[in-house]
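Here is the structure we will look at.
Just so it is clear: chains get the letters A, B, ... in the order the sequence lines come, proteins before strands, and each one is counted from 1.
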Amino acid sequence: MSSRERILGRVRRALADVPADEVPYEEAVSRDYLREHGRRTTGETVELLAENLVDYRAVVHRCDAEELPLLVLRLLAERGSQEVLVPPGLPPEWLAGAGPVRVHDRAADTAGRLDRVDSVVTGCAVAIAETGTIVLDGSPDQGRRRISLVPDHHICVVRVPDQVVSSVPQALERLDPTRPLTWISGPSATSDIELDRVEGVHGPRTLEVILLG
Amino acid sequence: MTGTYLGMPAFPKAAHDAVHDPVLRGNLRHATHTIRAKRARAVGELSDWAALREAGRRIKDHTLRHLDRYLVQLEESVTAAGGTVHWAADAEEANRIVARLVRESGESEVVKVKSMATQETGLNEALEAEGIRAYETDLAELIVQLGKDRPSHILVPAIHRNRGEIRDIFRTEMGEWGRPAPEGLTDTPAELAEAARLHLREKFLRAKVGVSGANFMVAETGTLVVVESEGNGRMCLTLPETLISVVGIEKVVPTWRDLEVFLQTLPRSSTAERMNPYTSMWTGTTDGDGPRAFHLVLLDNGRTDTLADRVGRQALRCIRCSACLNVCPVYERAGGHAYGSVYPGPIGAILSPQLRGTASEIDASLPYASSLCGACYEVCPVAIDIPEVLVHLRERVVEGGPAVRQGNTVVLQPAKGHAAERAAMRAARWAFTHPGALRTGQRLASRTRRLHPCALPGPGRAWSGTRDLPAVPPEPFRDWWQRTRGGKDGAK
């Protein structure tokens, strides 16, 4: 007997007390929790996102489409970045003009190569106000997962208010589970020393979020 | 479980040593008190916490009651998404499967995301025996691995170490495993985290095989979820070419939507954050992004035995948040090592004796490692009634009776060492079924009350050393009632 059959057999014997006509999943699970916490205008939701991002040590900037390229260049210059990673579908106008060398994300590049790049600029799939979270789903303006992971400086552009939702339940509704998803809430951190939060371990230690509206 | 836990003394003995270690007591007190207040604040932000908790309980209960169906569905979904599913009946089989997969990849080292399941199976030691080196990459697991130590907390395995001890371990041990600690390393947490970043980065960048667990598996979509803070999880899940995830069968949830409950309750219960810094979700493999091969090893190792116990099965709802450890007065004083298992604290006291059985001294003693205060039940985000299961397991230890071990029903013998308790219970049963004798005894006790000692003699001395013996009233209750009818007649 294979282990698969053995385990499934054990499970079935263990559940001999469960009646065959037990209530189905839809009725068994109560969902009387809230879809979002509190009532807010769209503007207030964006405001809450900014607040919660800052609370977990992300740096938040706001600008309109016209100001964006200059802002991105300024952030890269302040950081002293020589090279910036660019996902394949990043809108070209986000990184216009002179500035750091653009490094395109190629499958053949080793992780060691990406480790020498200073910064990365991406878009996002959705942002969650209540938790201060941005979610990447590997779309062309975000690239494969490793590019927003290995460089130490991540600039993420969130289109507000379209990409902002209030809550976790609303975010899951918008996301496609077949895509690889990365939920990011502030820069890398740890609570492993005396259960106290310290920012900055393996992921980007600086997370800058631009609210583009 | 791992060989390092074999021959552990019973909980009272291990705890006795721990409570006399002032450094350990200080470290634990500081850490658990820090997190308690923060958790209460994070939970207080959600006005619907009780409803989320109830939904989490129901989702898990429903899944467990139809576990066979959801496991088969999960297998189909993962396979359809490009993954390979393996089934492991016990720890040895899981370790064998992982070792074989690593060998087939041609590699001799793996990077690991923190995983309770692989701690439980003792995977690192098993791989070592096969000539494969496993590098722990979670900061706390790294501290434990470098210090040749054992984990003492579910979320923060090195909670028993303070910053000074961590610095010393990094200074002396890091060089043995790779890049040494920077010169002049101090004990500030930020510097310690930086040292870990530098030490592990070279390992991440060259890793070809990653090993992980998972917090959740979605049957409907085949999606796996890893919730973490540092980014070591993202590194291990995305940079290697091969990913092997070892996950307990109880981690499955039916639908994608179910995550909306647990992604709200888990971070707030465990690290007291609105959301943990990083959560990775993947479904099989994705062309051009992340590992090209994904293996899921589904682990039983005592879980189906636990499922067979109608009272005890609720322990399988656990999402490993560790809130129950942080509020437990016994854990705070005894520390995690005294529990002799990778699952310490209140949840460990009900999980270990069910996963491993109650045959060993340590497992038989765990259901007693509690004052039954109920704080664990109150904070549990999936409402596991830990005190109820503790009392149930105490009964099993004392009385013996039927239980399921490795899929077979066995009849447990009553444990040794509870003879006095059983004799006392037998005597009580006899007395309560013989009212005449009870009455005579009570009257005798009342009349001789002035002669009663204030401490028990012989083996009872230890018990009365820290407690007052209850005073015997001047008149038995039944006599008082007979005389006064409960004071109705105005008589006193």
Side-chain angles (χ1 to χ4, degrees), chain A residues 2-4 6-15 17-18 22 25 28-34 37 52 56 107 111-112 115 128 130-133 138 144-146 149 168-169 172 177-198 200-203, chain B residues 30-31 34-35 46-48 51-52 54-55 58-59 62 65 67-68 87-89 93 139-140 156 158 162-163 166 189-190 192-193 197 205 221 223 229-232 234-235 238-239 254 256 259-260 263-264 271 274-275 277-283 286 288-290 300 304 307-308 310 407:
Chain A
S2 72
S3 289
R4 180 183 189 276
R6 183 172 294 123
I7 294 170
L8 287 173
R10 286 177 184 178
V11 170
R12 285 169 190 141
R13 282 198 301 281
L15 295 173
D17 62 309
V18 177
E22 230 195 10
Y25 168 78
V29 179
S30 54
R31 299 212 186 259
D32 42 12
Y33 48 87
L34 302 172
H37 297 86
N52 284 334
Y56 284 161
D115 195 35
I128 309 167
E130 286 182 7
T131 57
T133 304
R144 63 191 106 217
R145 284 172 284 175
R146 61 181 195 169
L149 171 65
V168 171
L172 282 163
T178 64
R179 308 185 73 97
L181 301 173
T182 306
W183 296 45
I184 300 172
S185 308
S188 154
T190 181
S191 300
D192 279 357
I193 302 166
E194 302 175 4
L195 266 171
D196 216 354
R197 186 176 157 120
V198 183
V201 200
H202 304 295
Chain B
H30 172 69
T34 304
I35 197 76
L46 298 187
S47 54
D48 58 341
L52 285 166
E54 178 62 13
R58 290 195 183 203
I59 292 168
H62 170 81
R65 290 174 76 81
L67 190 59
D68 51 336
W87 300 71
E93 187 173 14
L139 179 50
V156 190
N162 62 36
R163 56 188 73 187
I166 296 168
L192 296 171
R197 176 185 172 96
L205 296 181
T221 59
T223 308
S229 294
E230 296 167 13
N232 64 306
R234 293 178 67 191
M235 292 276 181
T238 51
L239 295 185
W256 174 248
L259 295 176
E260 71 187 20
L263 289 179
Q264 294 191 79
T271 48
R274 285 182 205 106
M275 191 59 86
Y278 298 132
T279 298
S280 296
M281 302 179 178
W282 72 98
T283 304
T286 306
D289 188 350
D300 179 350
T304 49
L307 190 66
R310 293 176 197 187

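- In terms of heavy atoms, B/A140 sits closest to A/D192 at N-OD2, 2.8 Å.
- In this structure, the portion of A/T178 lying under 4.5 Å from any heavy atom of chain B is its backbone and not its side chain.
- Within the 4.5 angstrom heavy-atom criterion, no atom of A/A107 approaches chain B.
- Heavy atoms of B/L52 lying under 4.5 Å from chain A belong to its backbone as well as its side chain.
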Inset, instruction - Go through A/S188 and B/Y278 one step at a time and tell me if the side chain to side chain contact (heavy atoms under 4.5 Å, CB included) criterion holds. - result: CA-CA 7 Å; A/S188 154; B/Y278 298 132; 3.4 Å; yes

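- The backbone N or O of A/G203 sits less than 3.5 Å from a side-chain atom of B/R197, completing a donor-acceptor pair.
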Legend entry - Test log, rule side chain to side chain contact (heavy atoms under 4.5 Å, CB included), inputs A/E194 and B/R163: CA-CA 7 Å; A/E194 302 175 4; B/R163 56 188 73 187; 3.0 Å; yes

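- The parts of A/R4 that come within reach of chain B are both its backbone and its side chain, each placing non-hydrogen atoms under 4.5 angstrom from that chain.
- For chain B, the nearby part of A/V198 is the side chain; its heavy atoms alone come within less than 4.5 Å.
- A donor-acceptor pair under 3.5 Å links the side-chain atoms of B/D289 to the main chain of A/R145, judged by distance alone.
- Side chain of B/D48 to backbone of A/Y33: no donor-acceptor contact under 3.5 angstrom is found.
- A salt bridge links A/E22 and B/R65; the closest N-O separation between the charged side-chain nitrogens and carboxylate oxygens is under 4.0 Å.
- With a 4.5 angstrom heavy-atom cutoff, A/R13 touches chain B only via side-chain atoms.
- When heavy atoms are compared at a cutoff of 4.5 Å, A/Y25 approaches chain B by way of both its backbone and its side chain.
- In this structure the side chain of B/Q264 reaches within 4.5 angstrom of the side chain of A/H37, judged on heavy atoms.
- In this model, a donor atom of one side chain and an acceptor atom of the other lie less than 3.5 Å apart for B/E230 and A/T190.
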